[in-house]
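Worksheet: the structure to be examined is printed underneath.
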Amino acid sequence: MQNEVIAYRDGETLLDTQTAASQDFSDFQKVLFDNSDDALEVIRHSTAHMMAQAIKELYPDAKFFVGPVIEDGFYYDFRVDEKISDSDLKTIEKKMQEIAKRKLPIVKTCTTKKEAVVHFGDDDLKQEVFLRIPDGEVSTYKQGDFEDLCRGPHVPNTRYLRFFKLIRVAGAYLGGDEKREMLTRIYGTAFADKKSLMEYSKMIEEAKKRDHRKIGKELKLFTFDDEVGAGLPIWLPNGARLRSRLEHLLFKAHRLRGYEPVRGPEILKSDAWKVSGHYDNYGENMYFTVIDDAEYGIKPMNCLGHIKVYQDEVRSYRDLPLKFFEYGVVHRHEMSGVLHGLFRVREFTQDDAHIFCTPEQIKENVLEILDFVDTIMSAFGFEYEMEISTKPEKAIGDDAYWEAATKGLKDALDGNGIKYGIDEGGGAFYGPKIDIKITDALKRKWQCGTIQVDFNLPERFDLSYVDANNEHKRPVMLHRAILGSFERFIGILIEHTAGELPFFIAPTQAVIVPISDAHHVYAKKLHEILLDEGIDTEISAKNESLNKRIRNAEKMKVPMILVVGDEEVEKNSVALRDRRERIQYNLSIDELKTKMKEKLSEVHF
RNA sequence: GCUCAUAUGGCUCAGAGGUAGAGCACUUCCUUGGUAAGGAAGAGGUCGAGGGUUCAAUUCCCUCUAUGAGCUCCA
């Protein structure tokens with residue numbers, strides 16, 4: 001089957017053999033039955049149809065909406081009277097295998113939309129589909145006695161559809177509209193051979209193993225608590241150590257780049273949020289409280305505090321750019337259904353900064369930030385990509401400002417040959433932005449850092465600086481975060497590293513294991529020496545066997561284990577077991593100190 | 001927010017209409033062990049919260065809370 005043609009590609013168009021049959025396809029590129037993107041598209045689409053056929057045979061009253069191909073597979077939305085659960089997926093899979101074995105030819109028929117509307121007259125979900133497609137010719141595909149409205153492309157025969165798996169059953173609104181009825185959706189995936197299907201399953205397993213919620217519990221990094229509330233992370237000692245290391249490194253990096261630390265209040269009067277536009281444009285995501293008859297809003301962003309810092313003095317053009325940064329704690333009312341571990345929470349801390357500069361300085365400052373981003377992402381081994389988000393529906397300010405700001409961002413990227421995508425309408429309400437999306441070890445993408453150009457808030461707060469001619473001018477504000485938030489970044493880092501955190505931010509960098517009680521004093525001395533060098537260690541002196549204590553340290557993924565016994569006490573040394581390099585050797589204390597220092601200095605921002 | 005599912009000691013999970021168990025973790029004792037689980041004894045749960053059905057509910061029903069999956073990727 002491997003060399004059989006299942007479709008053709010004509011430039012931008014992918015068309016199946018059924019469609020090609022009526023034209024001259026000698027110039028078309030052949031799509032063979034393999035795991036190429038084109039082939040998978042066809043295979044998965046056909047598998048979705050075969051799933052629908054199986055469902056129809058098992059549940060004759062089933063009505064089908066749409067069944068598209070998605071990134072890793074496909075889904076089909078449909079309505080049945082019965083409730084379908086995960087345990088029914090096996091039955092459906094079996095029926096699908098059966099249909100594949102029937103080796104049914106898949107036959108295409110073209111007709112006008114008008115005729116099709118009549119043909120599917122008693123199917124209200126198909127009528128919904130008709131509302132969404134243009135007038136003119138439509139096609140239906142038939143395999144055995146199952147017929148479905150579909151534009152294709154499809155494989156020629158069901159015998160190609162043997163390596164598939166149904167992943168899960170879920171609910172989905174008709175057309176993604178939360179006001180419409182909820183349909184049943186089954187997700188699945190398919191490949192051209194068994195091996196690829198197995199590899200895919202393995203990848204899913206690996207992703208489960210790396211889930212930061214699971215590892216966060218195992219390594220005692222963070223927790224959540226019903227009594228405290230949803231989306232409010234609680235940092236345990238290990239997690240707080242990790243986070244604090246990150247904060248310190250980043251603090252220094254900011255200082256070296258000319259940023260000044262500042263700090264604004266957690267709650268500000270609603271009047272201030274009205275001036276900024278947050279009250280009207282972001283209010284539904286904010287929490288409010290009343291103090292002495294005045295309404296206050298808990299900050300969802302840190303801009304206001306930094307604006308107030310700017311306004312504290314008369315600013316000169318000689319001062320610009322002014323860079324203020326803060327690890328700003330923000331609260332946002334996210335919908336309960338979107339909360340997810342550390343990735344989506346209601347309270348989080350941004351590594352936030354605002355740069356006040358002249359319009360002419362936008363480009364150089366954006367570039368400087370991009371360089372900062374690159375330094376940090378490289379330090380963690382992340383690859384990333386950029387996306388420019390333009391004016392959203394809910395926005396403040398003149399179009400002229402938006403155009404200037406968007407141009408500023410594009411110029412900075414274009415001028416340096418940096419590639420980027422465009423997310424139309426994805427900007428913040430006060431300005432367009434560059435989003436930095438990082439790709440983790442499993443090729444999944446996450447939005448973290450962001451750079452935003454803002455002409456609006458300076459205008460609304462009447463910010464100014466005095467220029468060389470002693471005239472008042474309006475500065476521009478750049479909002480930026482590099483990690484995005486400590487919560488999300490650490491979550492991603494956990495999944496990226498599978499919990500094997502790099503030495504320089506590992507919560508516990510070394511565990512000291514004294515062989516017996518007699519070596520406790522020496523272990524304690526070692527602990528103090530290392531702590532003084534900025535190395536976090538723990539002494540594992542519980543009444544457990546040596547093996548057990550080593551095992552525990554390994555389970556906690558501690559990078560180094562230092563075993564000390566008679567020999568080490570006598571020679572003033574340690575026996576080092578390096579988890580990452582999987583080697584063991586002896587070192588004097590001085591050598592150990594040097595080694596640790598080297599390890600720490602491997603990374604700097 | 002909506003749909004569906006789940007909620008049992010710190011963790012991972014069994015269990016049944018008559019108020020509960022395992023392993024790990026924890027405590028104590030023995031053991032002082034040279035690189036991934038030494039041994040023994042013990043303590044710990046109003047079975048997520050509130051309400052209802054029942055002679056009886058942790059188990060059935062309802063509400064709430066929390067968690068999980070999905071709700072954007074167009075026949």
Side-chain angles (χ1 to χ4, degrees), chain A residues 45 48-49 52 64-77 83-87 113 116 120 123 125-134 138-141 148-154 167-187 211 213-214 217-218 220 223-232 284 333-341 423 426 511 513-520 540-556 561-568 575-579 582-584 586:
Chain A
H45 197 174
H49 269 241
F64 297 89
F65 186 52
V66 297
V69 172
I70 52 173
E71 194 167 334
D72 288 323
F74 61 84
Y75 67 78
Y76 217 125
D77 284 352
K83 205 170 266 182
I84 294 190
S85 67
D86 284 330
S87 53
K113 183 176 164 186
F120 289 99
D123 188 332
L125 285 183
K126 278 289 170 273
Q127 297 301 323
E128 284 288 343
V129 175
F130 285 123
L131 295 177
R132 290 165 167 78
I133 59 178
V138 298
S139 54
T140 62
Y141 283 81
D148 200 8
L149 176 74
C150 181
R151 72 171 172 201
H154 284 293
I167 311 284
R168 67 169 59 92
V169 51
Y173 297 109
L174 200 164
D177 182 346
E178 63 181 12
K179 291 178 185 69
R180 303 297 302 272
E181 74 174 293
M182 176 86 53
L183 301 174
T184 303
R185 172 176 293 183
I186 294 182
Y187 284 90
D211 192 317
R213 294 166 298 186
K214 181 172 173 281
K217 205 173 268 176
E218 286 165 0
K220 298 187 186 300
T223 188
F224 291 90
D225 188 279
D226 287 12
E227 209 173 345
V228 168
L232 302 169
E284 53 196 32
H333 182 240
E334 301 288 351
M335 289 198 295
S336 60
V338 304
L339 300 176
H340 181 96
D423 177 11
V511 164
V513 183
I515 288 178
S516 76
D517 295 348
H519 315 113
H520 283 189
S540 178
K542 270 203 319 201
N543 188 8
E544 301 278 6
S545 66
L546 179 68
N547 282 350
K548 180 73 169 277
R549 287 179 285 153
I550 299 225
R551 177 182 148 85
N552 287 341
E554 290 285 356
K555 267 176 39 182
M556 293 301 280
I561 298 173
L562 307 173
V563 177
V564 292
D566 287 341
E567 199 185 315
E568 286 73 23
L576 187 150
R577 169 173 162 139
D578 191 310
R579 175 175 165 80
R582 296 178 175 280
I583 45 169
Q584 251 169 259
N586 279 71

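By convention in this document, chain letters (A, B, ...) are assigned in the order of the sequence lines, proteins followed by strands, and residues within each chain are numbered from 1.
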(message) As an exercise, state the distance from CG of Leu149(A) to NZ of Lys126(A), rounded to the nearest 0.5 Å.
(response) 6.0 Å
(request) Quote, to the nearest angstrom, the P distance that separates rA14(B) from rU6(B). (result) 12 Å
(message) Could you tell me how far rA41(B) sits from rA22(B) if I compare only their P atoms? Round to whole Å.
(response) 13 Å
(request) Test side-chain contact (heavy atoms from CB on, under 4.5 Å) on Phe65(A) and Val129(A) and set out the steps. (result) CA-CA 7 Å; Phe65(A) 186 52; Val129(A) 175; 3.6 Å; yes
(message) Quick check: do Thr140(A) and Phe120(A) have side-chain heavy atoms less than 4.5 Å from each other?
(response) yes
(message) Could you spell out the base pairing of RNA chain B as a dot-bracket line? Use Watson-Crick and G-U wobble contacts where both distances are under 3.5 Å, [ ] for crossing pairs, | for partners on a different strand.
(response) (((((((..((((....[..)))).(((((.......))))).....(((((..]....))))))))))))....
(message) Need one value for Tyr141(A): base, sugar-phosphate or nothing, where a base atom within 4.0 Å counts as base even if backbone is also close, heavy atoms only.
(response) nothing
(request) Give Glu284(A) one of three labels, base, sugar-phosphate or nothing, depending on what nucleic acid heavy atoms sit under 4.0 Å from its own. (result) nothing
(request) For rG10(B) and rU46(B), measure between their P atoms and round to the nearest Å. (result) 9 Å
(request) Could you list where the contact with chain A starts and ends along RNA chain B, reading 5' to 3', using a 4.0 Å heavy-atom cut-off? (result) rG1(B) to rA75(B)
(request) Search all heavy atoms of Cys150(A) against all heavy atoms of Tyr141(A) and return the closest pair with its distance. (result) O-CE1, 3.4 Å
(message) With rounding to the closest Å, how many angstrom separate the P atoms on rA5(B) and rG23(B)?
(response) 33 Å
(request) Using a heavy-atom cut-off of under 4.0 Å over every strand shown, decide if Tyr76(A) touches base, sugar-phosphate, or nothing. (result) sugar-phosphate
(request) Could you tell me whether Ala553(A) contacts a base, only the sugar-phosphate backbone, or nothing, with contacts defined as non-hydrogen atoms closer than 4.0 Å? (result) nothing
(message) Over all strands shown, is Glu227(A) touching base, sugar-phosphate only, or nothing at heavy-atom distances under 4.0 angstrom?
(response) nothing
(request) Verify side-chain contact (heavy atoms from CB on, under 4.5 Å) between Leu125(A) and Leu174(A), making sure each step is shown before the conclusion. (result) CA-CA 9 Å; Leu125(A) 285 183; Leu174(A) 200 164; 3.8 Å; yes
(message) Applying a 4.0 Å non-hydrogen cut-off, can you work out what Tyr75(A) is touching in the nucleic acid: base, sugar-phosphate, or nothing?
(response) sugar-phosphate
(request) Assign each of Gly337(A) and Val69(A) to its nearest nucleotide of RNA chain B by heavy atoms, then name whichever residue's nucleotide is nearer the 5' end. (result) Gly337(A)
(request) Quick one: label Glu544(A) by what it contacts on the DNA or RNA (base, sugar-phosphate, nothing), any heavy atom closer than 4.0 Å. (result) base
(message) Taking the P atom in each of rC73(B) and rU12(B), what is the distance between them to the nearest angstrom?
(response) 34 Å
(message) With rounding to the nearest 0.5 angstrom, report the CD to CG distance, Glu568(A) to Leu576(A).
(response) 11.0 Å
(message) Please give the distance between the C1' atoms of rA43(B) and rG34(B) as a whole number of Å.
(response) 34 Å
(request) Indicate, with a heavy-atom threshold strictly under 4.0 Å, whether Arg151(A) touches base, sugar-phosphate, or nothing. (result) base
(request) Please work out if Asn547(A) contacts a base, only the sugar-phosphate, or nothing of the nucleic acid, heavy-atom cut-off 4.0 Å. (result) sugar-phosphate
(message) Work out how far the P atom of rG45(B) is from that of rA36(B), and round it to whole angstrom.
(response) 37 Å
(message) Apply side-chain contact (heavy atoms from CB on, under 4.5 Å) to residues Asp72(A) and Ile167(A) and explain how you reach the verdict.
(response) CA-CA 11 Å; Asp72(A) 288 323; Ile167(A) 311 284; over 6 Å; no
(request) Remember a base hit wins even if backbone is also touched, and classify Gly426(A) as base, sugar-phosphate or nothing at under 4.0 Å, heavy atoms. (result) nothing
(message) Taking the P atom in each of rC13(B) and rU3(B), what is the distance between them to the nearest angstrom?
(response) 27 Å
(request) Would you mind classifying the nucleic acid contact of Arg579(A) as base, sugar-phosphate or nothing, using non-hydrogen atoms under 4.0 angstrom? (result) base
(request) Evaluate the side-chain proximity of Pro68(A) to Phe74(A): yes if any heavy-atom separation is below 4.5 Å, no if none is. (result) no
(message) Return whichever of Asp566(A) or Ala170(A) has its heavy-atom-nearest nucleotide of RNA chain B closer to the 5' end.
(response) Asp566(A)
(request) Could you check whether Lys126(A) gets within reach of a base, just the sugar-phosphate, or nothing at all, counting any heavy atom under 4.0 Å? (result) nothing
(request) Report the distance from atom NE2 of His154(A) to atom OG of Ser139(A), rounding to the nearest 0.5 Å. (result) 8.0 Å
(message) Does Val563(A) reach a base, just sugar-phosphate, or nothing at all? Heavy atoms under 4.0 Å.
(response) base
(message) Is any side-chain heavy atom of Lys548(A) closer than 4.5 Å to one of Ser540(A)?
(response) no
(message) Need one value for Val169(A): base, sugar-phosphate or nothing, where a base atom within 4.0 Å counts as base even if backbone is also close, heavy atoms only.
(response) nothing
(message) One pair to check against side-chain contact (heavy atoms from CB on, under 4.5 Å): Glu554(A) and Arg577(A). What are the steps and the verdict?
(response) CA-CA 10 Å; Glu554(A) 290 285 356; Arg577(A) 169 173 162 139; 2.7 Å; yes
